[in-house]
Asker: 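The following block contains the structure, expressed as structure tokens.
Residue numbers start from 1 in every chain, and the chains themselves are labelled A, B, ... in the order their sequence lines are given, proteins ahead of strands. Hydrogens, waters and symmetry mates play no part in the numbers below; they use all other heavy atoms, side chains included. Quick caveat: nothing in here was measured; it's all calculated off a predicted structure.
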2 protein chains.
Amino acid sequence: MPVTSSRTTLIEVAKLAGTSKTSVSRFFGPERERLTPKLQTRIAEAANTLGYQPNLMARGLKGGGSRLLGMLVADIRNPFSVAVVHGVEQAARASGYSLIVCNTDNDPKQEQQHLRLLSAYQVEGLIINASGQPEAQLQAIMRSGVPLVLLDRDIHQLDAAVIGLDNALAIDMALEHLVEQGYRSILYASESPDYASARQERLQRFTQQAATLGINGQTLILNNAVDHTQTLNAFARRSASAPGAVLCANGSVTLAMTRSFQKLGIAIGPTGLMGIDELAWCELITPGITTLAQPTDDIGQAAVSCLLNQLNGLAQTSPTRYRHTPRLQVRGSTTPKHDPKYV
Amino acid sequence: MPVTSSRTTLIEVAKLAGTSKTSVSRFFGPERERLTPKLQTRIAEAANTLGYQPNLMARGLKGGGSRLLGMLVADIRNPFSVAVVHGVEQAARASGYSLIVCNTDNDPKQEQQHLRLLSAYQVEGLIINASGQPEAQLQAIMRSGVPLVLLDRDIHQLDAAVIGLDNALAIDMALEHLVEQGYRSILYASESPDYASARQERLQRFTQQAATLGINGQTLILNNAVDHTQTLNAFARRSASAPGAVLCANGSVTLAMTRSFQKLGIAIGPTGLMGIDELAWCELITPGITTLAQPTDDIGQAAVSCLLNQLNGLAQTSPTRYRHTPRLQVRGSTTPKHDPKYV
DNA sequence: AAACAGATTGGGAACGTTCCCATTTTGATT
DNA sequence: AATCAAAATGGGAACGTTCCCAATCTGTTT
């Protein structure tokens, strides 16, 4: 056994098996069945003793396709993103694709760089959870024939499918639940919507529906420059007379709000607390935080199958939106202790 | 602008710039400085108007190296793993490498498959957080000259560097803190050590040090088959007379134990609770859970630089272990309310 | 037995790049 | 002006695969 053996190639396997490179190539491709059983075993043996691994770089070079999917994630430390990555990876693997995941840390600069990188690796499809609005780059990528799917966040002037939560429905479900529980005044807490379309949609639907339903709706835009505890405290104290609830636009907002509740000594429940995105610790905070869980595996799978459809020429007629339905996970944080005489 | 333009190549850029492919190749490689400024601008312009992207597959094929690092993660939904991935990615990017992350979901079968895949992509280095003991495969990879680093979990009979927490030190720090706080009886909760060397090391150090320090040390091995609440309950009730604490071997154990504390109505603090691994929610559980935070960014960086050293021929003389020091994050869960008359 | 169709196999070009080496250009020195 | 060294540039082979097409082999039909 050699101390350092450079990688074995197709040709060496062919030589050992006493056949041609073409046959070995076929053996490892989709045409294995065209080979005589005898030849197949001979090749299998040779490949085995040499420990042969096909070189996917070479395959990717010559027409065969790279069998790679690329994924751009805005924040890999966000549990929601990780859950979706997990779903995407499962689905990709199941279809014989591998995944390169790039994390942009919400930095448009890094986003641009990673996009260049991914297309340099000849990925066959791209799943984008954007931080900025890299429309120009993405348009160029689409023009070069690489299918592309947007995750959670839309991008203006880009004709691509968007996959994510049904944000309007989520807000509706949350409001319905909160109202049903007796809350009459609702504070919607969100990070700055900026370019994140999901945040925009949720915020917009909230203000719209609050008005329609005749709820006293307020919004609180988080922003590390400004301290939001004032607003929150005022809101909670007022709700001693009429129960109010805080609705959090996503997981990190839920984290921030829970922290603030504790710091300010606001009782959870009497003042309601609810969040979009399910998190492992939501059941641990007494009395448990009610959430809308996103079907992350479904979302990941949808992204991959959308890509695969495009790869197989089943291009959708027009860019579609795939809206997924959240699951309501009721816990104690949305049960006011009051006699619900305000209903 | 063509509706669908197949990818532009080096040659097309050369033609447009009125030069040879070699010069263009140099322009995009490390030899750019060897080119006349005039030629450089000419190439830059041509590449720009054509929107040229070097094809990394072709580069990887012909000697130039793939500039890819591979990483195998046992459980991507574990926040600790994600944090390390994040550190690795940062460090890799800083050195001009990209990262393919594969998640094995703790399944040795998938692990094997992903290892095959990664080496097929000609990764130049491999960072392995193993689920099983794929020694044979890893030995083959090392023999083929690909440097390799183990993360958190050692593998028998493999001469590779191991990077992770200084497990003995972590246990010592935890015990010291708990004893200082007045706890005299400590229950060490861990998942089954199996092949996970970090778990083994922690467990072993615990039993050893408990004996040395004259602490009443018990261990509780979690296991989804058996219900552990009995043991925990008995332990907590007994500690009404002499304060006891539960030490959790890692983040998921901390999660499980916190759940159990709540379900059984055990007061956190009077019965101590402490965990290895810092988690976002540990400060939210009243009165806050004391943790030993792992320096995940440092660990990720160490893994990459260890790989890079090997790539640059600075092979360490013998496989090393890089042991990192945890940071103690004290919170209320390790403050018994008792008058410390038992000290 | 000859002829033929179909299945099986093999040779060679091509993919887009890098690297070796040869060639040309530049500028300094005699 | 001639010579020479160094710098700059270019041509061609090679990397390991896939795919096209040609060559061979099998078994069946006339």
Side-chain angles (χ1 to χ4, degrees), chain A residues 5-43 46-47 50-68 96 117 119-124 144-145, chain B residues 5-43 46-47 50-68 96 117 119-124 144-145:
Chain A
S5 63
S6 116
R7 253 141 185 158
T8 27
T9 78
L10 207 54
I11 306 213
E12 306 180 65
V13 176
K15 214 174 293 175
L16 181 61
T19 180
S20 73
K21 54 189 163 55
T22 306
S23 293
V24 179
S25 171
R26 279 202 250 268
F27 180 80
F28 285 100
E31 298 183 286
R32 176 176 302 190
E33 293 317 315
R34 280 181 46 179
L35 267 35
T36 300
K38 207 168 55 174
L39 221 200
Q40 285 190 35
T41 45
R42 226 171 350 130
I43 294 177
L50 292 177
Y52 169 70
Q53 302 277 28
N55 182 332
L56 293 198
M57 291 278 165
R59 172 180 300 178
L61 184 55
K62 174 63 190 179
S66 66
R67 304 303 276 172
L68 269 183
L117 186 92
S119 65
Y121 276 114
Q122 317 290 109
V123 293
E124 298 186 43
S144 78
Chain B
S5 63
S6 121
R7 252 139 185 160
T8 28
T9 78
L10 207 52
I11 306 213
E12 306 179 66
V13 176
K15 215 173 293 175
L16 180 60
T19 180
S20 72
K21 53 187 163 55
T22 308
S23 294
V24 180
S25 171
R26 281 201 250 267
F27 180 80
F28 285 100
E31 296 184 286
R32 176 177 302 191
E33 293 316 316
R34 281 181 46 178
L35 265 37
T36 300
K38 207 170 53 174
L39 221 200
Q40 285 189 36
T41 45
R42 217 160 10 118
I43 293 177
L50 292 178
Y52 169 70
Q53 303 278 30
N55 182 333
L56 293 196
M57 290 280 165
R59 173 179 299 178
L61 183 56
K62 173 62 189 182
S66 66
R67 305 302 277 173
L68 269 183
L117 185 92
S119 66
Y121 275 114
Q122 316 292 108
V123 294
E124 298 187 42
S144 78

Asker: Would you check if the side chain of B:R26 reaches a backbone N or O of B:E31 as a donor-acceptor pair within less than 3.5 Å?
Answerer: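 Here the side-chain-to-backbone pair does not exist.
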Asker: If I take atom NZ in residue B:K15 and atom P in nucleotide C:dG16, what distance separates them, rounded to the nearest angstrom?
Answerer: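 Rounded to the whole Å, the gap is 11 Å.
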Asker: Could you state the interatomic distance from OG1 (A:T19) to CD (A:Q40), rounded to the nearest 0.5 Å?
Answerer: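 If I round to the nearest 0.5 Å, the distance is 11.5 Å.
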Asker: Mind calculating the distance between CE (B:M57) and P (D:dT17) to the nearest angstrom?
Answerer: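 After rounding, the gap between these two atoms is 14 Å.
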Asker: I need the A:E33 CD to A:F27 CZ distance, nearest 0.5 Å.
Answerer: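 One finds 9.5 Å between CD of A:E33 and CZ of A:F27.
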Asker: Could you state the CD-P distance from B:Q53 to C:dT17, rounded to the nearest angstrom?
Answerer: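 Taking atom P of C:dT17 as the reference, CD of B:Q53 is at 11 Å.
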Asker: What is the distance, rounded to the nearest whole Å, between atom CD1 of A:I11 and atom P of D:dT17?
Answerer: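 To the nearest whole Å, that distance equals 8 Å.
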Asker: Give a yes/no answer on whether the side chain of A:Y52 brings an N or O atom under 4.0 Å of OP1 or OP2 in D:dT17.
Answerer: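 So the side chain of A:Y52 is within the cut-off, an N or O lying under 4.0 Å from OP1 or OP2 of D:dT17.
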Asker: Rounded to whole angstrom units, what separation is found between the CG atom of B:N55 and the C1' atom of D:dG16?
Answerer: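 Going from B:N55 (CG) to D:dG16 (C1'), I get 14 Å.
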Asker: What is the distance from CG of B:L50 to P of C:dG16, rounded to the nearest Å?
Answerer: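 Rounding to the nearest Å, CG of B:L50 and P of C:dG16 are 14 Å apart.
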Asker: Would you mind reading off the bend of the helix from C:dA1-D:dT30 to C:dT30-D:dA1 from its two end axes, five pairs each, to 10 degrees?
Answerer: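 Taking the rotation axis at each end, their angle is 60°.
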Asker: Going from CD on A:Q53 to CG on B:L117, what distance comes out if it is rounded to the nearest 0.5 angstrom?
Answerer: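 Answer rounded to 0.5 Å: 9.5 Å.
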Asker: Check this one for me: any side-chain N or O of B:S25 less than 4.0 Å away from OP1 or OP2 of C:dT18?
Answerer: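 Answer is yes, contact under 4.0 Å.
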Asker: For the side chain of B:T36 and the backbone of B:K38, is there at least one donor-acceptor N/O pair under 3.5 Å apart?
Answerer: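 No, B:T36 side chain to B:K38 backbone: no donor-acceptor pair under 3.5 Å.
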Asker: As an exercise, state the distance from OG of A:S119 to CG of B:L56, rounded to the nearest 0.5 Å.
Answerer: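 The CG atom of B:L56 is 8.5 Å from OG of A:S119, to the nearest 0.5 Å.
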Asker: May I have the distance from A:R59 (atom CZ) to C:dG16 (atom P), rounded to whole angstrom?
Answerer: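 One finds 18 Å between P of C:dG16 and CZ of A:R59, rounded.
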Asker: For a 4.5 angstrom cut-off between non-hydrogen side-chain atoms, does B:Y121 reach A:L68?
Answerer: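 Answer yes - side chains close enough.
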Asker: Using atom CD of A:Q40 as one end and atom P of C:dA7 as the other, report the distance to the nearest whole Å.
Answerer: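 Whole-Å distance recorded here is 16 Å.
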Asker: To the nearest 0.5 Å, tell me how far A:T8 OG1 sits from A:K15 NZ.
Answerer: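 Nearest 0.5 Å value for the OG1-NZ distance: 12.5 Å.
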Asker: Are any side-chain N or O atoms of B:Q122 and backbone N or O atoms of B:L61, one a donor and one an acceptor, separated by less than 3.5 Å?
Answerer: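 Flag not set: sc B:Q122 to bb B:L61 has no pair under 3.5 Å.
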Asker: Assign a letter to each nucleotide of nucleotides 5-15 of chain D from its 5' end: B, base within under 4.0 Å of a protein heavy atom; S, sugar-phosphate only; -, no contact.
Answerer: ---SBBBBBBB
